[in-house]
Colleague: 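Here it is: the structure, laid out below.
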Amino acid sequence: MRRNYVAVLDVRSSDVTAVVGERGVNNTFIIKHKTTCAYDGYAEGELLDVNGFCSAVCEAVKSTLSAASGIKTFYVGVPGEFLQLVNVDKSVSFNSAKRITRGDVEALVASATPADDEKWRVIRHSCLYYVLSDKRRLIDPVGLVSESLLGKFGFFKCSNAFVGCLMDAFKRFREITSVNLIPINQAEAMYLIEPEKRDECAVLFDFGFISSTYSVICGNGLMYSEAFSLGIGHIAALLMSDLDIPYEVALKFLSKVNLNAKEKLSSTEECVFEGKTYEFSAIALRDKIREGLDGVCETIEACTQSFTGRNTEGKPLFITGEGINAVRGTAEHISGRLVKSVEVIAPNVPYYDKPQFSSLFSLLNAALCDKNS
């Protein structure tokens with residue numbers, strides 16, 4: 001395999017996707033191979049079916065190795081459910097003003113790194129910003145003169161249980177000699193949101209299938225991140241329960257409803273599944289879906305209130321993930337419910353410029369940056 005390719009595994013709450021790709025022109029990507037395998041997902045920080053997860057990972061990796069020879073390293077995106085974000089402020093004072101070196105920065109990071117424990121291990125860190133003795137705040141202090149250096153860091157800890165399950169799958173492939181873990185919330189923040197908006201502090205909501213993540217970004221790092229087991233799949237489950245219909249039918253109805261539509265009271269939506277026709281009032285379906293989305297909005301509001309590091313009230317809410325386009329009008333409903341500007345963001349990649357591909361291309365971008373650093 002050519003050296004400029006990387007292999008990544010995107011772990012979502014309904015499937016895993018493996019891709020081999022490289023950087024294209026204008027910061028796009030060239031995809032050499034892509035395969036997706038479904039599994040039961042995760043909730044409350046645990047895989048719902050460990051064996052099913054391992055099987056899905058193995059199937060995706062096997063397909064990838066068959067399609068692209070020479071792969072020795074896989075980059076795996078770690079979902080928010082299996083992450084802890086630990087923010088640390090660390091400073092060092094010098095005997096006198098000096099020119100800051102890369103070694104000074106690395107020593108500061110080492111002194112700030114939290115210890116691993118039985119349940120969690122540090123997999124990566126980012127620096128939101130550094131502060132010099134003259135109070136200048138910047139991303140890279142190397143080469144500048146200062147009497148002190150303060151760094152505001154975000155350390156990502158990954159669940160050892162998740163790592164164990166992942167490694168059980170990868171150890172079946174002798175050709176894979178390295179598995180690098182990348183926090184997907186950090187990767188999305190860096191890829192999807194422009195540096196100017198991150199510097200001002202930005203809020204990102206990844207609306208997933210059965211798990212979603214709320215993050216506050218500042219500079220090159222995260223100040224806050226909270227994952228919760230709630231997604232578009234739960235709204236389908238609400239329809240299934242309240243309307244007494246199969247889950248597959250509920251999912252189909254989600255794609256048929258438009259929350260912004262102005263239909264007559266007699267308007268209906270119908271779906272045929274396994275030879276049986278299901279028909280319901282369009283208004284009743286919209287009301288049920290809105291009820292489910294209101295639950296998501298309440299969780300977003302709770303996250304907003306929990307984060308006290310910065311005032312984010314006037315900031316737009318950036319939304320991505322497979323949940324935002326599952327029902328037409330979802331972004332407008334969330335905006336109205338939260339009384340906040342909502343912007344749907346997605347990769348700027350031809351054929352993949354949809355929110356459901358955000359985590360995959362964010363991961364691919366992060367892996368390529370790692371490889372070339």
Colleague: Could you check whether the rings of Tyr42 and Tyr39 sit parallel, tilted or perpendicular, using 30° and 60° as the cut-offs?
Modeller: tilted
Colleague: Would the distance check show the side chain of Ser63 and the main-chain N or O of Ala60 forming a donor-acceptor pair, the cut-off being under 3.5 Å?
Modeller: no
Colleague: Could Asp15 and Arg12 be called an ion pair, given the rule that one side-chain N must be under 4.0 Å from one carboxylate O?
Modeller: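 No salt bridge links Asp15 with Arg12.
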Colleague: Within 45 degrees of the ring normal and closer than 6.0 Å to the centroid, is that where the cationic atom of Lys252 sits relative to Phe273?
Modeller: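 Geometry flag: not set, cation outside 6.0 Å or 45°.
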Colleague: Quick check: does any side chain N or O of Lys157 sit under 3.5 Å from a backbone N or O of Ala115, one acting as donor and the other as acceptor?
Modeller: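 Answer holds: yes.
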Colleague: Output all residues satisfying side chain to side chain contact (heavy atoms under 4.5 Å, CB included) with Val349, sequence neighbours left out; order by chain, then residue number.
Modeller: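 Side chain to side chain contact (heavy atoms under 4.5 Å, CB included) check on Val349 returns Phe29, Tyr191, Pro347, Tyr352, Phe361.
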Colleague: side-chain contact (heavy atoms from CB on, under 4.5 Å) between Leu181 and Arg124: does it pass, once the steps are laid out?
Modeller: CA-CA 8 Å; Leu181 304 177; Arg124 189 164 293 240; over 6 Å; no
Colleague: Check the pair Ile182, Val8 against side-chain contact (heavy atoms from CB on, under 4.5 Å), reporting the backbone distance first and the verdict last.
Modeller: CA-CA 10 Å; Ile182 296 178; Val8 303; over 6 Å; no
Colleague: Could you check whether any side-chain heavy atom of Val78 comes within less than 4.5 Å of a side-chain heavy atom of Val11, counting everything from C-beta outward?
Modeller: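 With C-beta onward as the side chain, the pair stays apart.
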Colleague: Side chain of Ser133, backbone of Ser146: donor and acceptor closer than 3.5 Å?
Modeller: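 Flag not set: sc Ser133 to bb Ser146 has no pair under 3.5 Å.
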Colleague: State whether the side chain of Glu226 and the backbone N or O of Gly80 hold a donor-acceptor pair below 3.5 Å, judged by distance alone.
Modeller: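 No, the answer is negative, given that no donor and acceptor are paired below the 3.5 Å cut-off.
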Colleague: Count the heavy atoms belonging to other residues, nucleotides or ligands that lie under 6.0 Å from CD of Glu59, then report whether that count exceeds 12.
Modeller: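 No.
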Colleague: How about Asp294: does its CG atom have over 12 heavy atoms from other parts shown lying under 6.0 Å from it?
Modeller: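 Yes, CG of Asp294 has more than 12 neighbouring heavy atoms, counting only those of other groups under 6.0 Å.
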Colleague: Under the criterion side-chain contact (heavy atoms from CB on, under 4.5 Å), which of Leu293, Val327, Thr330 is the partner of Ile235?
Modeller: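 With Ile235 as partner, side-chain contact (heavy atoms from CB on, under 4.5 Å) holds for just one option, Leu293.
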Colleague: Nearest 0.5 Å, what's the CD-CD1 distance between Glu188 and Ile193?
Modeller: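 Spacing of CD (Glu188) from CD1 (Ile193) equals 9.0 Å.
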Colleague: Compare every heavy atom of Leu83 with every heavy atom of Trp120, then report the nearest pair and how far apart it is.
Modeller: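 Of all heavy-atom pairs spanning Trp120 and Leu83, the closest is CZ3-C, 3.8 Å.
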Colleague: Between Ser212 (side chain) and Leu230 (backbone), is there a donor-acceptor pair under 3.5 Å?
Modeller: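 Judged by distance alone, yes, a pair lies under 3.5 Å.
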Colleague: Using the side-chain contact (heavy atoms from CB on, under 4.5 Å) rule, take Phe357 and Tyr351 through it: C-alpha gap first, then chi angles, then the decisive distance, then the call.
Modeller: CA-CA 10 Å; Phe357 297 115; Tyr351 307 110; over 6 Å; no
Colleague: Less than 4.5 Å apart, any side-chain heavy atom of Val216 and any of Cys201?
Modeller: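 Yes; the side chains approach each other to less than 4.5 Å.
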Colleague: Just checking Glu46: does its CD atom have more than 12 heavy atoms from other residues, nucleotides or ligands closer to it than 6.0 angstrom?
Modeller: no
Colleague: Are side-chain heavy atoms of Asn185 and Leu204 found at a separation under 4.5 Å?
Modeller: no
Colleague: Could you check if a side-chain atom of Phe153 sits within less than 4.5 angstrom of a side-chain atom of Leu108, using non-hydrogen atoms only?
Modeller: yes
Colleague: Please verify the inter-ring angle class for Tyr224 with Tyr214; under 30° counts as parallel, over 60° as perpendicular, anything in between as tilted.
Modeller: perpendicular
Colleague: Can you tell if the side chain of Val76 reaches within under 4.5 Å of the side chain of Val57, non-hydrogen atoms only?
Modeller: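 With C-beta onward as the side chain, the pair stays apart.
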Colleague: Using 0.5 Å steps for rounding, measure from the CD atom of Gln84 to the CD1 atom of Ile123.
Modeller: 11.5 Å
Colleague: Hey, does the side chain of Ser13 reach the backbone of Gly41 with a donor-acceptor pair shorter than 3.5 angstrom?
Modeller: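 Here the side-chain-to-backbone pair does not exist.
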Colleague: Around atom NZ of Lys119, are there more than 12 heavy atoms from other residues, nucleotides or ligands closer than 6.0 Å?
Modeller: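 Atom NZ in Lys119 is not packed in, count stays at 12 or less.
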Colleague: Are Ile283 and Leu259 joined in one hydrophobic group, where the rule is that I, L, V, M, F, W and Y side chains link up if heavy atoms are under 4.5 Å apart?
Modeller: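 No: no chain of side-chain contacts under 4.5 Å links Ile283 to Leu259.
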Colleague: Is Val131 reachable from Val109 through a run of hydrophobic residues whose side-chain heavy atoms are each under 4.5 Å from the next?
Modeller: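 Val109 does not cluster with Val131.
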Colleague: Between the main-chain N or O of Arg23 and the side-chain N or O of Asn4, is there a donor-acceptor pair closer than 3.5 Å?
Modeller: no
Colleague: Same cluster or not: are Leu48 and Phe162 linked, directly or through other Ile, Leu, Val, Met, Phe, Trp or Tyr residues, by side-chain heavy atoms under 4.5 angstrom apart?
Modeller: no
Colleague: Is a side-chain N or O of Ser335 found less than 3.5 angstrom from the main chain of Ala331, in a donor-acceptor match?
Modeller: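 No, the answer is negative, given that no donor and acceptor are paired below the 3.5 Å cut-off.
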Colleague: Rounded at 0.5 Å granularity, tell me how far CD in Glu175 sits from CZ in Phe74.
Modeller: 10.0 Å
Colleague: Would Thr73 and Val6 count as a side-chain contact (heavy atoms from CB on, under 4.5 Å) if you check the C-alpha gap in whole Å, the side-chain angles of each, and the deciding distance to 0.1 Å?
Modeller: CA-CA 8 Å; Thr73 299; Val6 292; over 6 Å; no
Colleague: Between CG of Leu132 and CG of Leu149, what distance do you get to the nearest 0.5 Å?
Modeller: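 CG of Leu149 is found 6.5 Å from CG of Leu132.
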Colleague: With a 4.5 Å cut-off on side-chain heavy atoms, are Val122 and Phe156 touching?
Modeller: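 Phe156 vs Val122: side chains apart.
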Colleague: Over all heavy atoms of both residues, which pair between Glu270 and Lys256 is shortest? Give the atoms and the distance, please.
Modeller: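 Nearest heavy atoms, Glu270 then Lys256: O-CE, 3.1 Å.
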Colleague: Take a 6.0 Å sphere around CG of Asn260 and say whether it holds more than 12 heavy atoms from other residues, nucleotides or ligands.
Modeller: yes
Colleague: Identify the two heavy atoms, one from Leu251 and one from Ala236, that lie closest to each other, and give their separation to 0.1 Å.
Modeller: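 So the two residues come closest at CD2-CB, 3.6 Å.
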Colleague: Can you list everything that forms a ring-ring contact (aromatic ring centres under 6.0 Å, His included) with Phe253? Sequence neighbours excluded, please.
Modeller: Phe280
Colleague: Under 4.0 Å between a side-chain nitrogen and a carboxylate oxygen: does that hold for Arg102 and Asp140?
Modeller: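 Salt bridge between Arg102 and Asp140, a charged N being under 4.0 Å from a carboxylate O: yes.
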Colleague: What's the verdict on side chain to side chain donor-acceptor pair (under 3.5 Å) for Asp104 and Thr101, showing C-alpha distance, side-chain angles and the deciding distance?
Modeller: CA-CA 5 Å; Asp104 294 327; Thr101 67; 3.1 Å; yes
Colleague: Quick one, Phe82 and Val163 - any side-chain contact, counting heavy atoms below 4.5 Å?
Modeller: no
Colleague: Would you confirm whether Tyr247, through its side chain, and Gly233, through its main-chain N or O, come within 3.5 Å as a donor-acceptor pair?
Modeller: yes
Colleague: Flag yes if Phe155 and Val92 sit in one hydrophobic cluster, no otherwise; membership is Ile, Leu, Val, Met, Phe, Trp, Tyr, and two members link when side-chain heavy atoms are under 4.5 Å apart.
Modeller: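 Same hydrophobic cluster.
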Colleague: Scan the side chains in residues 309-320 for donor-acceptor partners under 3.5 Å anywhere in the protein, sequence neighbours excluded, and list what turns up.
Modeller:
residue: Asn311; atom: OD1; partner: Glu313; partner atom: N; Å: 3.1
residue: Lys315; atom: NZ; partner: Glu200; partner atom: O; Å: 3.0
residue: Thr320; atom: OG1; partner: Ile345; partner atom: O; Å: 2.9
residue: Thr320; atom: OG1; partner: Pro355; partner atom: O; Å: 3.4
residue: Thr320; atom: OG1; partner: Ser358; partner atom: OG; Å: 2.4

Colleague: Without swapping roles, check the side chain of Arg290 against the backbone of His333 for a donor-acceptor pair under 3.5 Å.
Modeller: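 Not confirmed, Arg290 side chain does not pair with His333 backbone.
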Colleague: Which pair of heavy atoms, one from Ser126 and one from Gly221, lies closest together, and at what distance?
Modeller: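 The pair with the smallest heavy-atom distance is OG-CA, 3.3 Å.
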Colleague: Do Glu118 and Asn160 make a side-chain contact, defined as non-hydrogen atoms from C-beta onward lying under 4.5 Å apart?
Modeller: no
Colleague: State the CZ-CD1 distance between Phe205 and Ile300, to the nearest 0.5 angstrom.
Modeller: 4.0 Å
Colleague: Working to the nearest 0.5 Å, report the span between CG of Leu65 and CD1 of Ile176.
Modeller: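 The CG atom of Leu65 sits 4.5 Å away from the CD1 atom of Ile176.
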Colleague: Please say whether more than 12 non-hydrogen atoms of neighbouring residues, nucleotides or ligands are located less than 6.0 Å from NZ in Lys62.
Modeller: no
Colleague: Minimum heavy-atom separation for Lys32 and Ala67, please, with both atom names.
Modeller: CE-O, 4.3 Å
Colleague: Over all heavy atoms of both residues, which pair between Arg99 and Gly143 is shortest? Give the atoms and the distance, please.
Modeller: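 Answer, listing the atom of Arg99 first, then Gly143: NH1-O, 2.6 Å.
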Colleague: Same cluster or not: are Ile71 and Val16 linked, directly or through other Ile, Leu, Val, Met, Phe, Trp or Tyr residues, by side-chain heavy atoms under 4.5 angstrom apart?
Modeller: yes
